[in-house]
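Working notes for the structure below.
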Amino acid sequence: MFAPFRHAALIFFMSLAAPVLADETILTVTGAVAQPAEGEAWTFDMASLRQLPAARIETTTIWTTGTQTFEGVSLVDLLAHVGATGSSIRAVALNDYAVSIPMADAVAGGAVVAYAQNGSEMSIRNKGPLWIIYPFDGNEIYKSEEYYSRSIWQLDRIEVITEK
């Protein structure tokens with residue numbers, strides 16, 4: 001009688017611990033962006049994110065122990081790739097938690113949309129598959145509650161916003 005529920009629960013919990021499939025959409029970008037080649041929104045799977053220029057940050061965080069190495073796409077490169085023209089982004093996690101990030105954070109040496117931590121893809125349980133991370137150790141300005149709150153994990157989608 002409870003077998004279907006147990007099976008669904010098992011699949012759910014396994015998805016929390018497992019890395020995402022390479023062809024599964026893990027990021028959607030909408031809003032004030034260029035028209036994508038296909039569809040209404042920019043969609044990225046792990047393979048397509050890895051085709052963009054890679055960025056690496058070595059830093060400590062308030063959520064982890066010791067220095068961590070994050071690899072991903074710099075926010076500036078991602079937004080340039082999609083032709084973003086807005087003044088801020090709304091970054092939304094899998095659980096619909098959302099933060100507003102000013103476009104000024106999209107600079108060289110700034111925030112990275114990380115897809116790997118210490119050389120491994122991040123599972124949902126480990127704040128993945130995507131985590132916006134700042135180089136906290138590389139710039140003292142990033143060591144503040146303001147930037148910590150922008151470091152959204154389990155990133156699912158970005159909306160580029162033009163404020164008037």
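Scope of the values below: all heavy atoms of this structure, side chains included, with no hydrogens, waters or symmetry mates.
The salt bridge (charged side-chain N to carboxylate O under 4.0 Å, His left out) search around Arg90 returns none, not counting sequence neighbours. By the side chain to side chain contact (heavy atoms under 4.5 Å, CB included) test, Val99 is found to be paired with Ala91, Tyr97, Ile101, Ile152, residues two or more places apart in sequence or in another chain being considered. Annotation: side chain to side chain contact (heavy atoms under 4.5 Å, CB included) contacts of Ser88 (sequence neighbours excluded): Ser100, Ile161, Glu163. Judged as a side chain to side chain donor-acceptor pair (under 3.5 Å), and not counting sequence neighbours, Ser151 has no contacts. Residues forming a side chain to side chain contact (heavy atoms under 4.5 Å, CB included) with Gln51 (at least two apart in sequence, or on another chain): none. Asp96 meets the side chain to side chain donor-acceptor pair (under 3.5 Å) test with Arg157; sequence neighbours excluded. Residues passing the side chain to side chain contact (heavy atoms under 4.5 Å, CB included) test with Ile62, sequence neighbours excluded: Tyr148. Applying the side chain to side chain donor-acceptor pair (under 3.5 Å) test to Gln117 and every residue at least two apart in sequence or in another chain returns Gln68. The salt bridge (charged side-chain N to carboxylate O under 4.0 Å, His left out) check on Asp105 picks up Arg150, with sequence neighbours excluded. The side chain to side chain donor-acceptor pair (under 3.5 Å) test applied to Thr67 returns no partner, not counting sequence neighbours.
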Test side-chain contact (heavy atoms from CB on, under 4.5 Å) on Val160 and Val29; report intermediate values, then the result. CA-CA 7 Å; Val160 180; Val29 182; 4.2 Å; yes
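Scanning all heavy atoms of the two residues, the minimum distance from Ala106 to Leu79 falls at CB-CD1, 3.8 Å. Summarising the geometry of Pro135 relative to Gly109, their closest heavy-atom pair is CG-O, 3.2 Å, with the distance given to 0.1 Å. In terms of heavy-atom proximity, Asp137 sits nearest to Thr59 at N-OG1, 2.9 Å. In terms of heavy atoms, Thr28 sits closest to Ala41 at CG2-CB, 3.7 Å. When all heavy atoms of Met122 and Ala114 are compared, the closest pair comes out as CE-O, 3.3 Å. Here the shortest heavy-atom pairing between Ala111 and Ile132 reads CB-CG2, 4.1 Å.
No donor-acceptor pair closer than 3.5 Å links the side chain of Asp45 to the backbone N or O of Thr25. With hydrogens and angles ignored, the 3.5 Å screen pairs no side-chain donor or acceptor of Glu159 with any backbone N or O of Gly31.
Atom CZ of Phe44 is separated from atom CG of Leu130 by 10.5 Å, given to the nearest 0.5 angstrom. Note that the OG1 atom of Thr61 and the CZ atom of Phe136 stand 7.0 Å from one another [nearest 0.5 Å]. The distance from atom CG of Leu155 to atom CG of Leu27, rounded to the nearest 0.5 Å, is 5.5 Å. For the atom pair CG of Asp156 and CG of Asn95, the computed distance is 9.5 Å after rounding to the nearest 0.5 Å. Taking CD1 from Ile57 and OG from Ser74, the interatomic distance works out to 9.0 Å, rounded to the nearest 0.5 Å.
Using a 4.5 Å heavy-atom threshold, the side chains of Leu78 and Val113 count as touching. Within the 4.5 Å cutoff, the side chain of Val112 has no heavy atoms near those of the Arg56 side chain. In this structure the side chain of Val107 never reaches within 4.5 angstrom of the side chain of Val76, judged on heavy atoms.
A ring-ring contact (aromatic ring centres under 6.0 Å, His included) check over residues 98-133, counting only residues at least two apart or in different chains, returns the pairs Trp63-Trp131, Phe70-Trp131, Trp131-Trp153. For residues 30-42, no pair satisfies side chain to side chain donor-acceptor pair (under 3.5 Å), with sequence neighbours left out.
Transitive grouping of hydrophobic side chains (ILVMFWY, heavy atoms separated by less than 4.5 Å) keeps Leu75 and Val92 in distinct clusters.
The aromatic rings of Tyr134 and Tyr142 sit tilted, their planes meeting at an angle between 30° and 60°.
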